[in-house]
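Structure record follows, encoded as structure tokens.
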Amino acid sequence: MSILNKKTTLLLCGVVVVLGGVFAVKAHSKTTTAAVAQNLNLAETSPITSMDVAKITDNVSSSQLSQVGEGLFRLNAKSEAVNALAQKTTVSKDGSVYTIDLHHDGKWSNGDPVTAQDFVYSWERTLNPKSKSEFTYQFAKIKNANAVAAGKLAPSKLGVKATGKYQLQIKLAQPTSYFKVILASSTFFPLNQKAVQKYGSKYGSSASTTVYNGPYTLTKWNGTSDSWTLKKNPTYRDHQAIKLQHINYRVVKSTATSYNLYQSKKLDAVTLDGEQTQQNKNNANLKTLASGRIGFIQYNEKDATTANRDLRTALSLAINREQLTKKVLKNGSLPATTFAVRNMKKNPQTKADFTKDDTVAGTANYDPAKAKKLFQSALKQLHQSKLNITMICADDDTTKQLAEYIQSTLNSQLKGLNINVKAVPFPSILSAVSKGNFQMNLTGWSMDYADPIESLQILGSTNNSNMGHYDSKTYDNALAAAEGKDALKPAQRYQDLVKAAQTAMTDQAVTPLYDARTNILVNPKIKGVVYNQFDGAADYRTAYVK
């Protein structure tokens, strides 16, 4: 979701982990809740930045919202869209109109019913330019969404309306085969208008200024807290199925600290770094998950230095991705050769993976000799004998270690280059990047669904998440064809996406580094946690402590 590790959000061939299962939950539900405290202790690497659906830009906030809120659909272990608040969906013959009937028992934590109008209000508010949401592009499939986001049409002109208290009608700008999967994103969660109007600009800035309609409510979060608790929501429509009473979170930036907390049984699950993964490779409690995340370097093309394409390509070719993944990350992550992750999409005709078809030689392979030539060319174009460039990154251990490797590699490979690393708290990165106060940003993008458009779209010239200001008519036209005239033509659409991806790599719009994997250790007493097949996100609806 965020160009800085959003939750974001994709069909990978990684391990699908279902600890226990629904049947096990039912079988144990009478005894486990009475005999064992149904509480979990978990950690995040950064604090929550917001609980306002229109303002969330990061993975942590989005993942927390997914536990305290509920939308029309949610993704199951196979990354398929299944009903949440939606009860029945009817699609017109031409695929342009969706009519969705809601469950009648949805409740907000303030006692109000969850209605179709709550979705209309939420979506219109997010798209209103006054909200300054970075994720308006996710609504692009809906009629008039782009015009509303651009301020050319009033929010009321969005192609969505409540046709009944519990019925929602959505008109699409063009048919989209994966539309239900898109609607599973937390960006499409409803909002209680009464609560938003009550708290105004403070809505979602603390636990007490937010209302909830999901399995849990948020407590002990004042807006800047480094710890908080998810508490079972008694007003949730399916609260009988929820076994966990509390999920306690704390922010732990150091992987060594979080690992020690897990070993001392103060955390029930922990994400491992490369060294820890190697130490636990034979541990039965180790779970390896495809993350659905691409790690990359983002450039500010409004900066005179990093706007130089030869410079960006030189940096890319000077990085040994095999070494980066095997010697630095050491967590199963794979070298990235394009701005996409593996197994998102196959060629309709040859069945080749998208990441094979869209790879462009000389853009993301290790070629130090060519890198040096391009760097010298960049120096001449910039009329400089040496360059000092600052790369910002998050201040957690893993990211800092990766940044230091890239810094060392680039400074040693390219004489006359000095990369400075500036590790700062995640909220500071969000602020700096959104304001354009950066040259290079070591970041990542988590996919929401299994289609290359999910990452490619953020490089569109008008996309709010295009913080690097990449601008290419060829690129924009290829995306427009994929989502427009070729939307329901699989072979043609595939080639449109390949063209866009190849254009971005030729231009070095970003420098892809790795296709991420996540390794976690989980307390074996925890059962029923379902991890999404695409990005490893955890769903605690069926979880319990044995």
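Nothing here was measured: the structure is a model prediction, and the numbers come from that model.
For the residue pair Asn233 / Thr235, a side-chain donor-acceptor distance below 3.5 Å is found, with atom types taken as modelled. Under 3.5 Å, the side chains of Ser61 and Asp58 contain a donor-acceptor pair of N or O atoms. Donor-acceptor pairing under 3.5 Å is recorded for the side chains of Ser185 and Gln138. Remark: the Thr399 side chain and the Asp396 side chain contain an N/O donor-acceptor pair separated by less than 3.5 Å. Residues Gln298 and Asn441 have side chains that bring a donor and an acceptor to within less than 3.5 angstrom of each other. Gln64 and Trp228 share a donor-acceptor pair across their side chains, judged by distance under 3.5 Å alone. Residues Ser291 and Thr518 have side chains that bring a donor and an acceptor to within less than 3.5 angstrom of each other. Side-chain N/O atoms of Tyr494 and Asp357 include a donor and acceptor closer than 3.5 Å. A side-chain N or O of Thr511 and one of Tyr299 form a donor-acceptor pair less than 3.5 Å apart. Ser225 and Asn222 are linked by a side-chain donor-acceptor pair at a separation below 3.5 angstrom, with hydrogens and angles left out of the test. In this structure, a donor-acceptor pair under 3.5 Å is absent between the side chains of Thr503 and Thr506. Counted by atom type alone, Ser208 and Ser206 present one or more donor-acceptor pairs between their side chains at under 3.5 Å. For the residue pair Gln197 and Tyr203, no side-chain donor N or O sits within less than 3.5 Å of a side-chain acceptor on the partner. A donor-acceptor contact closer than 3.5 angstrom is absent between the side chains of Thr306 and Gln439. In this structure, a donor-acceptor pair under 3.5 Å is absent between the side chains of Asn532 and Asp539. Residues Asp358 and Gln502 bring no donor and acceptor atom of their side chains to less than 3.5 Å of each other. Judged by distance alone, the side chains of Ser186 and Ser66 never bring a donor and an acceptor atom under 3.5 Å apart.
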One pair to check against side chain to side chain donor-acceptor pair (under 3.5 Å): Thr338 and Thr359. What are the steps and the verdict? CA-CA 6 Å; Thr338 184; Thr359 295; 5.7 Å; no
Evaluate Phe119 against Phe188 for ring pair (Phe, Tyr, Trp, His ring centres under 6.0 Å), listing each step before the verdict. CA-CA 7 Å; Phe119 286 93; Phe188 292 89; 9.5 Å; no
Start with the C-alpha distance between Asn347 and Gln495, add both sets of side-chain angles, then the distance that settles side-chain contact (heavy atoms from CB on, under 4.5 Å), and finish with yes or no. CA-CA 9 Å; Asn347 188 315; Gln495 292 305 320; 4.2 Å; yes
Yes or no on side-chain contact (heavy atoms from CB on, under 4.5 Å) for Tyr121 and Val196, after CA distance, side-chain angles and deciding distance? CA-CA 10 Å; Tyr121 173 72; Val196 175; 3.2 Å; yes
So Phe296 and Trp445, ring pair (Phe, Tyr, Trp, His ring centres under 6.0 Å) or not? Walk me through it. CA-CA 8 Å; Phe296 63 99; Trp445 182 263; 8.0 Å; no
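Using a 4.5 Å heavy-atom threshold, the side chains of Leu244 and Leu40 count as touching. Between Tyr470 and Ser461, every side-chain heavy-atom pair lies at or beyond the 4.5 Å cut-off. Side-chain atoms of Val433 and Ile392, non-hydrogen and from C-beta on, do get closer than 4.5 Å to each other. Val251 places none of its side-chain heavy atoms less than 4.5 Å from the side chain of Thr45. Looking at heavy atoms from C-beta onward, Val160 lies out of side-chain contact with Gln169 at the 4.5 angstrom threshold. Side-chain contact between Ser465 and Glu134 is present, with heavy atoms from C-beta onward closer than 4.5 Å. With a 4.5 Å cut-off on side-chain heavy atoms, Trp123 and Thr126 do not count as touching. Residues Thr187 and Phe139 have side chains in contact (heavy-atom distance under 4.5 Å, counting atoms from C-beta outward).
Closest approach of Ile294 to Pro512, counting heavy atoms only: CD1-CB, 4.3 Å. Considering all non-hydrogen atoms of both residues, Arg125 and Ala54 come closest at NH1-CB, 3.7 Å. In terms of heavy atoms, Ala364 sits closest to Ala336 at CB-O, 4.1 Å. Contact detail for Ala145 and Leu127: the closest heavy-atom pair is O-CD2, 3.9 Å. Leu168 and Leu72 get closest at one heavy-atom pair: CD2-CD1, 4.0 Å. Between Pro215 and Gly69, the shortest heavy-atom distance links the atoms CD-O, 4.2 Å.
Summarising the geometry, atom OG1 belonging to Thr229 is positioned 10.5 Å from atom CZ belonging to Arg250; distances are rounded to the nearest 0.5 Å. The CZ atom of Arg237 lies 10.5 Å from the CD atom of Gln240; values are rounded to the nearest 0.5 Å. Rounding to the nearest 0.5 Å places CZ of Arg517 at 11.5 Å from CZ of Arg293. Phe135 contributes atom CZ, which lies 9.0 Å from atom CG of Asn463 (distance to the nearest 0.5 angstrom). In this structure, Leu442 CG and Cys393 SG are separated by 6.0 Å, a value rounded to the nearest 0.5 Å. Separating the CG atom in Leu65 from the OG atom in Ser50 is a distance of 9.0 Å, to the nearest 0.5 Å.
More than 12 non-hydrogen atoms from other residues, nucleotides or ligands lie less than 6.0 angstrom from NZ of Lys346. Crowding of Lys232 atom NZ: a count of heavy atoms from other residues, nucleotides or ligands under 6.0 Å exceeding 12.
Between Asp507 and Arg309 a salt bridge is recorded (basic side-chain N to carboxylate O distance below 4.0 Å). A salt bridge is absent between Lys489 and Asp496; no separation between the charged side-chain nitrogens and carboxylate oxygens falls under 4.0 Å. Salt-bridge formation is not detected for the pair Asp471/Lys473: no Lys NZ or Arg NE/NH1/NH2 atom is positioned less than 4.0 Å from an Asp or Glu carboxylate oxygen. Using a cut-off of 4.0 Å between Lys/Arg side-chain N and Asp/Glu carboxylate O, Glu80 and Lys180 are scored as not salt-bridged. A salt bridge links Lys345 with Asp451: the closest approach of a Lys/Arg side-chain nitrogen to an acidic carboxylate oxygen falls below 4.0 angstrom. Asp353 and Arg342 are not joined by a salt bridge, as no carboxylate oxygen comes within less than 4.0 angstrom of a charged side-chain nitrogen.
Of the residues Ile48, Leu218, Val60, Leu42, the one that meets the side chain to side chain contact (heavy atoms under 4.5 Å, CB included) test with Tyr249 is Leu42.
No close placement of the Tyr212 and Tyr236 rings is indicated, their centers lying 6.0 Å or farther apart.
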